[in-house]
Amino acid sequence: MAIKLVTTVAELRAEGALLLGLKQGTSQGLVPTMGALHEGHAALARAAVEQNDVVVATIFVNPLQFGDAVDLDRYPRTLDADLALLEEQGVDLVFAPSVEEVYPGGQPLVRVTSGQLGEKWEGASRPGHFDGALTVVAKLLHYGLPAAGLPAAPGGLPAYRAYFGQKDAQQLALVRRMVADLNFPVDIVGVPTVRAADGLALSSRNRFLSDDEREAALVLSRALRLLEQRATAREPLDVESASALVESQPLVALDYFEVVDPETLEPLAENCRETPFRGEALALIAAKVGPVRLIDNVPLSS
Ligand code: PAF
């Protein structure tokens, strides 16, 4: 079936319900994006298509999560290419609303606050970013609720899943926390980071790197890989040597590099720098490479 584009919430609900009815669907997947899609988004869409009868993707550049009007203006808008990529993965419906459709009264008075979890790491250098992101994710999850207007399916309400990349580890942790704390009826699925062959995590921002900066940026994934190898070998993590590797690269300004609990994102309580690593953790890194801020992470497990 050809992909369908809608721009209003009313159309989204009507078309979503129609598709579920037509396909006698028992599950719906939602893939929220800001467009400028790449292979990382394709992986989200593919996971959603594999696991659900009906899949809706959203494309909305959310002004609320940009601190800087220049960043917002410069965010790439590539709707035709995005639709082609989503269609190729088998997505059924795309919701690409205007700012007025999402925020009809202008800036919303009541918002989701991300609390302490949203103030650290990325939140420390982008104040208000996660409140803005969570507020729009809450709205998108509500818009995409399956079967609004359908008679109850024989087995109950259709399953509802939403897909987020593990690359944005803090966003994913916050969305999981919002859904748990505020009882949203949706399962959040984290999809592993997609990397270029040389290890660079795919990001819409990579297009702003010069060739030299792109080459320099590889040090982020190399440093993470060092920690991953140590964790797998159950050795002390030696974050200092991995940080020194990053800091040896003149085009890269390291912001943070830390091993944290995957849910709370608090630095690990036990000393994994001197004693062998055991358990589950996340290694988070952020750096400016030339003018571009990049983030990356790897799950650590042993
Ligand atoms: O990760 C993104 O692309 C955005 O933060 C999201 C989740 C679509 C909300 O605007």
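Only this structure's heavy atoms are used, side chains among them; waters, hydrogens and symmetry mates stay out. Each ligand, and each atom within it, is numbered from 1 in the order the structure gives. We count residues from 1, following the sequence as given.
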Give the ring-plane orientation class for Phe184 versus His142, where under 30° counts as parallel, over 60° as perpendicular and anything between as tilted.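 It falls in the tilted class, 30° to 60°.
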Taking only residues two or more places apart in sequence or in another chain, which ones pass ring-ring contact (aromatic ring centres under 6.0 Å, His included) with Phe66?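 Partners of Phe66 by the ring-ring contact (aromatic ring centres under 6.0 Å, His included) criterion, ordered by chain and then number, come out as Tyr75.
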Ring-face cation of Arg46 near Tyr163 (centre distance under 6.0 Å, axis angle within 45°): no
Can you run down the salt bridge (Lys or Arg N to Asp or Glu O under 4.0 Å) pairs that involve residues 121-146, sequence neighbours left out, and say none if there aren't any?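 Passing the test, one end in residues 121-146: Glu122-Arg293.
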Using the side chain to side chain contact (heavy atoms under 4.5 Å, CB included) criterion, which residues pair with Ser27? Sequence neighbours excluded.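 Counting only residues at least two positions away or on another chain, Ser27 forms a side chain to side chain contact (heavy atoms under 4.5 Å, CB included) with Asn52, Asp53, Ala159, Arg161.
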Can you tell whether the side chains of Glu39 and Arg195 come within less than 4.0 Å, N to carboxylate O? no
Where does ligand 1 get N/O contacts under 3.5 Å from the protein, atom by atom?
{"from": "ligand 1", "atom 1": "1 (O)", "to": "Gln171", "atom 2": "NE2", "distance (Å)": "2.8"}
{"from": "ligand 1", "atom 1": "5 (O)", "to": "Gln65", "atom 2": "NE2", "distance (Å)": "2.9"}
{"from": "ligand 1", "atom 1": "5 (O)", "to": "Gln171", "atom 2": "OE1", "distance (Å)": "2.6"}
{"from": "ligand 1", "atom 1": "10 (O)", "to": "Gln65", "atom 2": "OE1", "distance (Å)": "2.6"}

